[in-house]
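Scroll down for the structure; my scribbles are underneath it.
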Amino acid sequence: MSGMPTAPLLADLERIVGSEHVLADPALRLGYELDWSGRYRGDALAVVRPAGPEQVAEVVRACRAARVPIVPQGGNTGLVGGSVPRAGAVLLSLRRLTTFEPVDVDGGAVVAAAGATLARVHEAADAAGLAYGVDLAARDSATIGGTIATNAGGIHVFRNGMTRDQVLGVEAVLGDGTLVRRLDAPRKDNTGYALAQLLTGSEGTLGIVTAARLRLLPRRDRRATAFVGLGGVAQAIAVARELRRHLPALDAVEAILADALAVAVRHGGDRPLPGDHAAYLLVEAADVRDPEPDLVAALARIPGTDDTVVASDGAARARLWRLREGLPEDLSREGVPHSIDVALPLPRLAGFIDRLAATVEAAAPGSRLFVFGHLLDGNLHVIVIGPDIDDDTADDAVLALALELGGTVSAEHGIGVAKVGWLARDRSAGDLAAMRAIKHAFDPDGILNPGVLLG
Ligand SMILES: Cc1cc2nc3c(=O)[nH]c(=O)nc-3n(C[C@H](O)[C@H](O)[C@H](O)COP(=O)(O)OP(=O)(O)OC[C@H]3O[C@@H](n4cnc5c(N)ncnc54)[C@H](O)[C@@H]3O)c2cc1C
């Protein structure tokens with residue numbers, strides 16, 4: 001984008017954020033330029049680390065004047081390459097924005113800065129006797145800004161909704177440097193376009209989120225967890241549906257297929273059950289009183305769930321959760337994962353799985369296939385290991401299969417750079433035209449995360 005000399009811009013950026021927060025040295029930039037999966041690597045002009053929203057706005061104005069693109073980054077745990085800088089871009093790290101306002105207990109909300117981690121928001125909510133509705137395995141690194149930008153899902157979506165359902169207001173800097181802020185409006189606020197909802201899921205292409213007001217929920221801190229061995233995905237779906245019908249405290253239903261569980265056990269997870277099964281469910285109930293009796297009773301009335309273990313103490317539950325939450329890392333140790341995030345209508349999910357292995361084998365012969373995911377949302381993470389980092393043949397085949405069966409090419413990770421070519425196959429020409437018009441209005445010079453989402 002820029003043909004201009006970059007030295008004046010770097011001097012400007014140093015004036016705005018302080019020279020120690022402009023990292024131009026390649027060794028210092030490295031941790032920001034490689035994504036979590038190791039699949040995407042970038043090359044930034046500099047990493048810039050502002051301390052607050054005014055500095056973010058000044059950085060945006062300086063970059064706009066110099067026509068240099070900006071890639072916002074939070075915890076850099078995104079899985080579609082959106083947080084990795086394209087050559088010559090400024091990598092804007094939001095990690096220094098970590099302030100919290102005291103929890104508004106009566107209003108059931110908290111205002112957190114964009115760089116606060118998800119784990120910190122959970123801690124703050126918990127200390128006030130409340131809970132934040134979104135949780136995911138990358139909680140210690142993923143930031144509020146990043147989870148808003150990707151509209152992150154996670155393990156409680158069927159109960160609490162996605163990130164978009166938690167965001168009550170945002171503060172953000174648009175592509176022309178305008179600071180928009182609505183963090184203290186009453187809960188009932190019908191005053192025009194919901195900018196917070198529009199920015200949620202925009203993957204850093206419309207604005208840079210600097211803070212958000214988040215809805216908090218009543219805390220349900222008594223938990224019980226079950227691990228259930230089953231004959232296959234169709235049975236797992238049937239069991240999950242029964243649990244949803246008969247267990248109001250149901251809080252998480254995660255599926256793990258046999259090959260994925262074998263990897264978790266190989267990398268240090270405890271073998272959870274005596275028997276071997278084609279599919280497993282990790283089920284959790286959460287309530288204000290001990291939910292274990294209800295969980296056990298609900299499972300007992302479902303035929304075919306005999307090979308089950310139930311845990312309610314913290315250490316035993318953590319051992320079960322490690323099998324699921326450690327999977328992304330365990331699989332990374334087996335090779336560079338092609339991580340494909342799809343969702344299907346629940347009635348089509350078993351048919352998708354039936355065709356998946358043959359589809360992947362035809363596209364990438366000899367590769368290895370692993371499947372797990374958030375079952376009640378119809379959301380599966382398909383991991384293919386074997387193809388070269390740049391070889392998208394297997395990814396494309398899996399996405400095509402999901403679309404053919406009425407699914408979507410991104411359930412919760414977003415489009416990023418990984419799926420740009422797929423957006424027009426999933427969304428209509430009218431949708432895309434509206435999205436481009438919004439992009440132009442929010443970011444007239446196209447400096448925010450070019451190449452991501454809309455290509
Ligand atoms: C082990 C593991 C488990 C995961 N589990 C889940 C899961 O269950 N559900 C799920 O949805 N995701 C999951 N993810 C993906 C990832 O954690 C989420 O996408 C998360 O929302 C990214 O947050 P982040 O702060 O790391 O964002 P980053 O990776 O830094 O950025 C992600 C995108 O958001 C943009 N962005 C970041 N911060 C801002 C900001 N302040 N303003 C504007 N744009 C911004 C970036 O430009 C990029 O496009 C997982 C990842 C890992 C590694």
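For clarity, every value in this text was computed on a predicted model and none was experimentally measured. Nothing fancy with the numbering, it's 1 onward along the sequence. In each ligand, atom 1 is the first atom listed, and ligand 1 is the first ligand listed.
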D287 and R222: CA distance, side-chain angles, deciding distance, salt bridge (charged side-chain N to carboxylate O under 4.0 Å, His left out) verdict: CA-CA 5 Å; D287 208 339; R222 303 293 303 275; over 6 Å; no
Salt bridge (charged side-chain N to carboxylate O under 4.0 Å, His left out) evaluation trace for K419 with D392: CA-CA 10 Å; K419 297 180 183 173; D392 286 336; over 6 Å; no
Working for salt bridge (charged side-chain N to carboxylate O under 4.0 Å, His left out), residues E334 and R266: CA-CA 10 Å; E334 302 270 320; R266 181 153 67 242; 3.1 Å; yes
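For atom 52 (C) of ligand 1, the nearest non-hydrogen atom of the protein is A138 CB, 3.6 Å. Looking at atom 41 (N) of ligand 1, its nearest protein heavy atom turns out to be V209 O, 2.9 Å. When only non-hydrogen protein atoms are considered, atom 29 (O) of ligand 1 lies nearest to G78 N, 2.7 Å. Nearest non-hydrogen protein atom to atom 21 (O) of ligand 1 is T150 OG1, 2.8 Å. When hydrogens are left out, the protein atom nearest atom 45 (C) of ligand 1 is A149 CB, 3.4 Å; that is the closest non-hydrogen contact. Here the heavy atom of the protein found nearest to atom 46 (C) of ligand 1 is P72 O, 3.1 Å. Nearest to atom 17 (O) of ligand 1 among the protein's heavy atoms is T77 OG1, 2.8 Å. Among all non-hydrogen protein atoms, the one lying nearest atom 31 (O) of ligand 1 is S83 CB, 3.5 Å.
Within 6.0 Å of CZ in R41 there are 12 or fewer heavy atoms belonging to other residues, nucleotides or ligands.
Residue contact check for ligand 1: E329 places no non-hydrogen atom closer than 4.0 Å to it. Not a single heavy atom of V452 sits closer than 4.0 Å to an atom of ligand 1. Judged by the shortest distance from any of its heavy atoms, G207 lies inside the 4.0 Å radius around the atoms of ligand 1.
In this structure, the side chain of D443 engages the main chain of L448 through a donor-acceptor pair within 3.5 Å. Although no hydrogens or angles enter the test, the distance criterion places no donor-acceptor pair under 3.5 Å between the side chain of S367 and the main chain of V384.
A salt bridge between R86 and D43 is absent, with no side-chain N of the basic residue lying under 4.0 Å from a carboxylate O of the acidic one.
Residue V71 places no N or O, backbone or side chain, under 3.5 Å from any N or O of ligand 1. Between W36 and ligand 1, no pair of N/O atoms sits closer than 3.5 Å. Between H381 and ligand 1, no pair of N/O atoms sits closer than 3.5 Å. Note: an N/O pair closer than 3.5 Å links G74 and ligand 1 by distance alone.
Scanning N76, V84, V417, T210 for the heavy atom closest to atom 28 (P) of ligand 1 points to N76.
Looking at heavy atoms from C-beta onward, L454 lies in side-chain contact with M435 at the 4.5 angstrom threshold.
The salt bridge (Lys or Arg N to Asp or Glu O under 4.0 Å) test with R39 is passed by exactly one of D390, D388, D395: D395. Checking each of V170, T163, L118 against I144 for a side-chain contact (heavy atoms from CB on, under 4.5 Å) leaves exactly one that passes, namely L118.
Near E203, the atoms of ligand 1 lying under 4.0 angstrom from a non-hydrogen atom of the residue are 49 (O).
Relative orientation of the H413 and H381 rings is parallel, given thresholds of 30° and 60° on the angle between their planes.
Only the side chain of H374 comes within contact range of ligand 1, with a heavy atom under 4.0 Å; no backbone atom does. Contacts between N449 and ligand 1 below 4.0 angstrom, taking non-hydrogen atoms only, involve the side chain exclusively.
I383 CD1 to F372 CZ: the interatomic distance, rounded to the nearest 0.5 Å, is 4.5 Å.
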